[in-house]
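Because the structure is a prediction, the values reported are computed rather than measured. Position 1 is the first residue of the sequence, and the numbers go up from there.
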Amino acid sequence: PEFINLSLHWKLLRFITYSRMTTLIVQTEEIKKKFLSFIPERRVKVIPNSVKNIINQKQIKKINDKKLKVLFIGRLEYQKGVDVILDSIIEIFNSKNKDDFKFEIVGNGSLVKLVEDTIKKNNLSNYIKFTRGTSKPSQYMKNSHIILHASRYEGMSNVVIEGMSFGKCVISTKQASSEIITSNKDGILMESVSAVQIIKSLEKISINRVLLKKIGINAINKIKNNYS
């Protein structure tokens with residue numbers, strides 16, 4: 001509710017609607033807290049998202065590839081931090097660590113033109129592979145090493161739990177994934193949505209491939225024990 005600017009009419013309608021509900025189902029404890037001003041706690045139930053297909057942790061091997069494959073997959077919207085992701089890629093492309101990564105962006109939305117224009121303007125066509133939407137997101141996740149999820153706010157992201165179920169290192173934000181990810185154990189949580197934080201997180205993983213493998217194994221166990 002705090003991220004939506006509603007008119008007085010809609011606020012009144014929301015209050016009336018919520019007050020008459022017998023049960024409201026939400027995905028996380030954090031979301032539950034935000035609704036307690038509208039509906040009694042006893043009527044709010046938390047049922048998290050879940051995944052069916054979880055790989056065996058024995059499939060996780062140490063990654064020796066020189067370049068790590070970094071994937072963003074999702075809606076191309078301001079909420080998802082797409083603008084900041086592009087800024088971070090530009091900085092990496094112009095740094096000494098350029099050859100440590102290769103990036104892929106898969107998605108559709110209102111920022112498609114921003115993505116296309118940024119790639120063209122900064123000569124990134126050989127550095128960022130851009131696919132305008134997909135009906136098979138799991139294939140892209142399986143072929144990546146790191147999933148970048150820089151949301152400014154989120155309910156409960158399927159990208160995060162699906163990526164973890166494939167043993168991938170998910171780099172997300174505290175605002176979006178603090179209930180799912182334990183930072184530096186089964187993923188990485190950034191303090192804020194910024195290019196500095198993204199670059200710092202990517203570099204941490206790049207120089208510590210043992211941590212990358214460890215995170216993958218722990219991520220699988222987290223999903224198996226909590227979201228399956």
Side-chain angles (χ1 to χ4, degrees), residues 27-28 47-75 80-81 85 88-89 92 97-107 127-131 133-151 154-174 176-190 197-228:
Q27 299 161 307
T28 69
I47 301 178
N49 293 346
S50 62
V51 291
K52 292 182 179 179
N53 300 316
I54 305 172
I55 69 167
N56 191 303
Q57 68 180 54
K58 293 180 180 179
Q59 295 178 246
I60 304 296
K61 309 294 182 183
K62 184 179 178 182
I63 298 167
N64 295 312
D65 305 44
K66 175 174 171 51
K67 292 188 177 184
L68 292 178
K69 302 173 186 175
V70 184
L71 171 70
F72 168 85
I73 185 165
R75 292 183 294 110
K80 301 294 185 178
I85 290 173
S88 67
I89 296 175
I92 293 171
N97 298 320
K98 169 185 176 180
D99 294 330
D100 292 344
F101 308 99
K102 50 185 174 182
F103 293 88
E104 185 163 18
I105 295 175
V106 180
Y127 199 62
I128 301 175
K129 183 179 179 182
F130 176 46
T131 302
T134 179
S135 59
K136 298 180 179 180
S138 61
Q139 296 303 314
Y140 291 91
M141 293 186 192
K142 289 176 182 177
N143 292 327
S144 68
H145 298 129
I146 298 170
I147 295 174
L148 194 50
H149 181 263
S151 285
E154 193 78 44
M156 184 177 189
S157 172
N158 285 325
V159 167
V160 171
I161 61 174
E162 286 175 17
M164 293 173 70
S165 75
F166 291 126
K168 305 304 177 181
C169 175
V170 178
I171 297 176
S172 189
T173 61
K174 285 190 173 182
S177 304
S178 60
E179 285 193 35
I180 307 171
I181 293 174
T182 302
S183 196
N184 299 311
K185 182 179 179 181
D186 47 45
I188 302 289
L189 287 179
M190 299 182 290
Q197 287 284 309
I198 290 173
I199 294 168
K200 180 181 177 182
S201 300
L202 288 173
E203 288 178 348
K204 175 192 288 188
I205 294 300
S206 178
I207 64 176
N208 192 344
R209 301 302 178 87
V210 174
L211 177 61
L212 181 59
K213 179 182 176 181
K214 175 185 172 184
I215 284 175
I217 292 171
N218 289 337
I220 291 170
N221 290 329
K222 169 67 75 70
I223 299 303
K224 186 185 297 183
N225 294 330
N226 298 277
Y227 302 103
S228 64

**Prompt:** Are I188 and I215 close enough that some pair of their side-chain heavy atoms sits under 4.5 Å apart?
**Reply:** yes
**Asked** Does some side-chain heavy atom of N221 sit less than 4.5 Å from a side-chain heavy atom of D186?
**Response** no
**Fill in**
d(E179 CD, E154 CD) to nearest 0.5 Å is 12.5 Å
**Prompt:** side chain to side chain contact (heavy atoms under 4.5 Å, CB included) between I92 and F103: does it pass, once the steps are laid out?
**Reply:** CA-CA 11 Å; I92 293 171; F103 293 88; 3.8 Å; yes
**Message:** Test of understanding: with salt bridge (charged side-chain N to carboxylate O under 4.0 Å, His left out), list the residues that count as partners of K67, not counting sequence neighbours.
**Reply:** none
**Message:** Testing the basics here: between S178 and L189, what is the closest heavy-atom pair and its distance to 0.1 Å?
**Reply:** CA-CD1, 3.9 Å
**Message:** I need the K69 NZ to L71 CG distance, nearest 0.5 Å.
**Reply:** 11.0 Å
**Fill in**
Here the gap from I223 atom CD1 to N53 atom CG, rounded to the nearest 0.5 Å, amounts to 12.5 Å
**Message:** I'd like to know if the side chain of S177 and the backbone of I180 have a donor-acceptor N/O pair within less than 3.5 Å.
**Reply:** no
**Item:** Check: V70 and H145 side chains under 4.5 Å, non-hydrogen atoms
**Value:** no
**Item:** Working for side chain to side chain contact (heavy atoms under 4.5 Å, CB included), residues I73 and T134
**Value:** CA-CA 9 Å; I73 185 165; T134 179; 4.1 Å; yes
**Asked** Judged by atom type as modelled, is there a donor-acceptor pair below 3.5 Å linking the side chain of K213 to the main-chain atoms of I63?
**Response** no
**Prompt:** In terms of heavy-atom contacts, does CG of N56 have more than 12 from other residues, nucleotides or ligands at under 6.0 Å?
**Reply:** yes
**Request:** Sort and list the pairs that fulfil side chain to side chain donor-acceptor pair (under 3.5 Å) and have at least one residue in residues 155-167, not counting sequence neighbours.
**Result:** N49-N158, H149-S157
**Message:** Do Y127 and F101 have side chains that approach each other closer than 4.5 Å (heavy atoms only, starting at C-beta)?
**Reply:** yes
**Request:** Write down the atom of M141, the atom of G163, and the distance for their closest heavy-atom approach.
**Result:** SD-N, 3.7 Å
**Asked** If every non-hydrogen atom of M156 is compared with every non-hydrogen atom of T28, which pair is closest and at what distance?
**Response** CB-CG2, 3.9 Å
**Message:** If I take atom CZ from residue F72 and atom CZ from residue F130, how far apart are they, to the nearest 0.5 angstrom?
**Reply:** 10.0 Å
**Asked** Taking all non-hydrogen atoms of both residues, which atom of M164 and which atom of K222 are closest, and how far apart?
**Response** CE-CG, 3.8 Å
Quiz: residues 198-206 side-chain donor-acceptor pairs under 3.5 angstrom, not counting sequence neighbours:
residue: S201; atom: OG; partner: Q197; partner atom: O; Å: 2.9
residue: E203; atom: OE2; partner: N97; partner atom: ND2; Å: 2.8
residue: K204; atom: NZ; partner: N184; partner atom: OD1; Å: 2.9

**Prompt:** About how many Å separate CD1 of I60 and SG of C169, when rounded to the nearest 0.5 Å?
**Reply:** 11.0 Å
**Fill in**
All heavy atoms of K168 vs all of A219, minimum pair found to be O-CB, 4.2 Å
**Message:** Return the CD to CD1 distance between E104 and I128, rounded to the nearest 0.5 Å.
**Reply:** 11.0 Å
**Prompt:** If you take all heavy atoms of G167 and I55, which pair is closest and at what distance?
**Reply:** N-CD1, 4.2 Å
**Request:** May I ask you to test the S151-K80 pair for a side-chain heavy-atom distance under 4.5 Å?
**Result:** yes
